[in-house]
Amino acid sequence: MVPLSAYVAVSAVLFITGLLGVLIRRNFIIVLMAVEIMLNAANINLVAFSHYLESMAGQLVALFVIAIAAGEAAVGLAIIIVVFRGKISTNVDEMNVLKW
Amino acid sequence: MTSYGADLLVILPELIVVGAACLLLVLEPLTPPSRKELLAWLSLGALALCIGLTGGQISVLNLRVSAFSDLVVVDGYARFWKLLLYGVTGLTILMSLPYLKAERLQLGEYYGFILLALSGMMVMVSGADLLTIYLGTELMSLSLYVMAGLKRSSPRSLEASAKYFVLGAFSSGLLLYGISLLYGVAGGTKLGAVAAAIGSRGFDDPLLLIATILLAAGFGFKLAVVPFHMWTPDVYQGAPTSVTAFMAVASKAASFAAFLRVFVEGLGGLKADWSNLFLLLCLVTLILGNLVAIVQTNIKRMLAYSSIAHAGYALIGLVAAGRGMGESGGASGLASVMLYLALYAFMTLGAFAVIGMFRKGGLEGEDIEDFAGLAKRQPLAAFLMLVFMVSLAGIPPTAGFIGKFYVFMAAVEAGLAWLAVVALIFAAISAYYYMRVVMVMYMREPDPSAGEVPQLVASPALTVVLACAVAGVILFGLFPNPLVSLALQSVLPLK
């Protein structure tokens with residue numbers, strides 16, 4: 001039987017991957033993918049805890065999160081397309097009209 | 001045991017708002033461009049219905065009704081925030097009527113998105129489960145990402161939308177990971193279950209510590225407190241002004257509501273630890289928000305830093321509540337946060353309403369210099385702006401003073417007199433950049449070489465918004481007692 005700590009470790013590694021991806025990568029689409037990784041890291045946690053705690057709440061939350069991640073990807077890609085039409089670039093660093 | 005129908009009845013206001021939003025999205029393509037205003041009136045009608053429903057329960061303010069096996073709860077706290085959110089949304093819709101016309105953004109779905117965002121906020125303030133609070137936050141944020149980019153012809157608006165999306169989605173990721181860890185530690189997602197599992201044992205479990213920090217960071221982004229504020233100035237400046245007003249007021253109020261509920265009802269057992277964390281956040285927020293606002297030349301950007309600073313003042317109330325919880329201090333701290341955000345709503349909406357319709361040719365005059373000589377050209381418009389700026393600076397007899405007074409009193413009661421003094425010093429510094437706008441309006445002549453001088457374009461809807469905002473700022477500044485007692489009655493039950 002796989003111990004709970006193994007699941008939490010995998011999820012932590014995935015979460016940190018996503019976190020660094022958002023902070024380091026400069027392409028909008030890769031940033032979006034990194035965010036999805038963060039959400040799925042949370043899903044692994046939720047389902048693993050749900051199994052070990054024998055409570056269904058975690059799996060329920062995970063289902064909702066999957067739906068929300070899809071919605072977030074849809075809105076994100078729509079925004080990327082509109083920005084891309086205007087600027088022909090998806091690089092986050094080139095978004096510099098606004099700065100202090 | 002309640003039946004399913006009774007559960008639906010509890011969330012009737014949410015259902016009305018979502019139903020109206022869907023109806024608007026269906027009607028939008030069927031409405032000719034010249035009649036788009038009908039959609040705004042339809043959404044105002046839905047809001048009036050909700051105000052009637054929630055306002056009708058004011059006599060039983062603290063009756064606690066929960067539905068869907070405690071996923072949502074309607075108590076005095078939720079009713080207070082819902083009434084505030086209805087008011088803010090109604091004024092935003094009225095403000096948008098002339099603004100969208102002037103910007104040639106006659107989009108019916110704009111009103112649909114406002115209502116969808118409102119329904120997300122309503123779920124946030126009523127959520128008694130980490131799942132519902134997360135869902136409400138996402139519904140609100142996804143609608144706001146789109147609204148920020150609605151001005152598709154403007155690169156600034158698109159950039160604001162893209163930046164808001166990246167940082168907003170990132171912060172939801174942090175929030176959700178925090179929720180997943182908290183679920184693992186507490187064994188349930190209901191706030192009551194979390195509170196029961198944590199008790200008052202403190203941070204004996206490292207996962208609990210990480211979960212608390214991630215939740216604080218996730219909410220910190222939504223509240224725009226330093227160091228999670230980077231998106232705020234860019235998004236507030238780039239988004240259409242009516243959307244900026246909605247974000248600065250409604251989304252901040254709803255995020256504060258959910259944030260307080262999670263940390264007081266769910267994590268109340270850790271108050272000694274989180275009040276130290278928020279004390280730190282509150283101090284850096286006050287310092288950075290107020291100091292960076294001084295150097296801004298764009299008024300929307302200045303108000304963005306000012307809204308960061310105001311989140312810092314509101315946090316003082318939470319810190320005081322955490323320190324004084326168990327005694328009467330806790331209640332007055334939380335009530336001061338609720339009062340502060342309610343009063344902040346009037347002055348900020350008013351200021352953004354003026355900025356949105358302050359137009360030079362076809363464009364918005366959003367530089368502070370554009371306001372030069374306004375007192376001579378349009379004395380009434382200059383006076384209104386003066387009232388809002390004075391109130392934002394917290395000078396009596398305006399609402400801003402009352403808000404700050406109660407927050408500082410709560411800090412003193414909780415034994416944090418030094419924090420009140422520091423905040424007072426920063427309030428004095430903030431008067432510098434608010435008064436600069438007043439100085440430019442009253443003392444400066446417009447640059448003769450600049451060509452067309454900006455004017456406030458009056459319209460009936462704008463008059464209503466400005467009248468409501470000024471009445472709120474001055475009446476609550478002179479007679480704050482009804483609102484204070486409402487906030488004190490509807491405050492969360494503390495342990």
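In the text below, chain A, chain B and the rest are named by the order of the sequence lines, each starting its count at 1. Every heavy atom of this structure was used, including side-chain atoms; hydrogens, water molecules and symmetry mates were not.
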Part of B/L174 within contact of chain A (heavy atom distance under 4.5 Å)
both

Most contacts with chain B, counted as non-hydrogen pairs under 4.5 angstrom, among A/E36, A/E72, A/M38
A/E72

Given a strict heavy-atom distance threshold of 4.5 Å, which part of A/I79 is in contact with chain B: side chain, backbone, both, or neither?
side chain

Chain A contact via B/L214 - side chain, backbone, both or neither, heavy atoms under 4.5 Å:
side chain

Sort B/L181 into side chain, backbone, both or neither according to what part of it lies under 4.5 angstrom from a heavy atom of chain A.
both

Main-chain N/O of B/V146 paired with B/S161 side-chain donor or acceptor, under 3.5 Å
no

Between A/L60, A/L23, A/V61, A/I44, which shows the greatest number of heavy-atom pairs under 4.5 Å with chain B?
A/V61

Which atoms of A/A12 come close to chain B, meaning under 4.5 Å heavy atom to heavy atom: side chain ones, backbone ones, both, or neither?
both

In terms of heavy-atom proximity below 4.5 Å to chain B, should A/V22 be classed as side chain, backbone, both, or neither?
side chain

Sort out for me which of A/A67, A/S50, A/G71 touches chain B most, counting heavy-atom pairs under 4.5 Å.
A/S50

Going by distance alone, is a donor N or O of one side chain under 3.5 Å from an acceptor N or O of the other, for B/E369 and B/T297?
no

Do B/Y433 and B/S306 get their side chains close enough for a donor-acceptor pair, meaning under 3.5 Å?
no

Is it the case that B/E14 and B/S119 place a side-chain donor and acceptor less than 3.5 Å from each other?
no

Contact origin within A/L32 toward chain B - heavy atom pairs under 4.5 Å
side chain

Could you have a look at A/A78, A/A48, A/A57, A/A69 and say which one has the most heavy-atom pairs with chain B under 4.5 angstrom?
A/A57

Given the options B/F165, B/Y183, B/F170, which has more heavy-atom pairs under 4.5 Å with chain A than any of the others?
B/Y183

Between B/S171 and B/F221, is there a donor-acceptor pair closer than 3.5 Å when you use the side chain of the first and the backbone of the second?
no

Short N-O contact, B/D70 and B/K190, less than 4.0 angstrom:
no

Hey, are B/K300 and B/T241 close enough side-chain-wise for a donor-acceptor pair under 3.5 Å?
yes

Could you measure the distance from the CZ atom of B/R436 to the CD atom of B/Q296? Nearest 0.5 Å is fine.
8.5 Å

A/I37 portion near chain B, given a 4.5 angstrom heavy-atom threshold
neither

Among side-chain atoms of B/Y134 and B/S172, is any donor-acceptor pair under 3.5 angstrom?
no

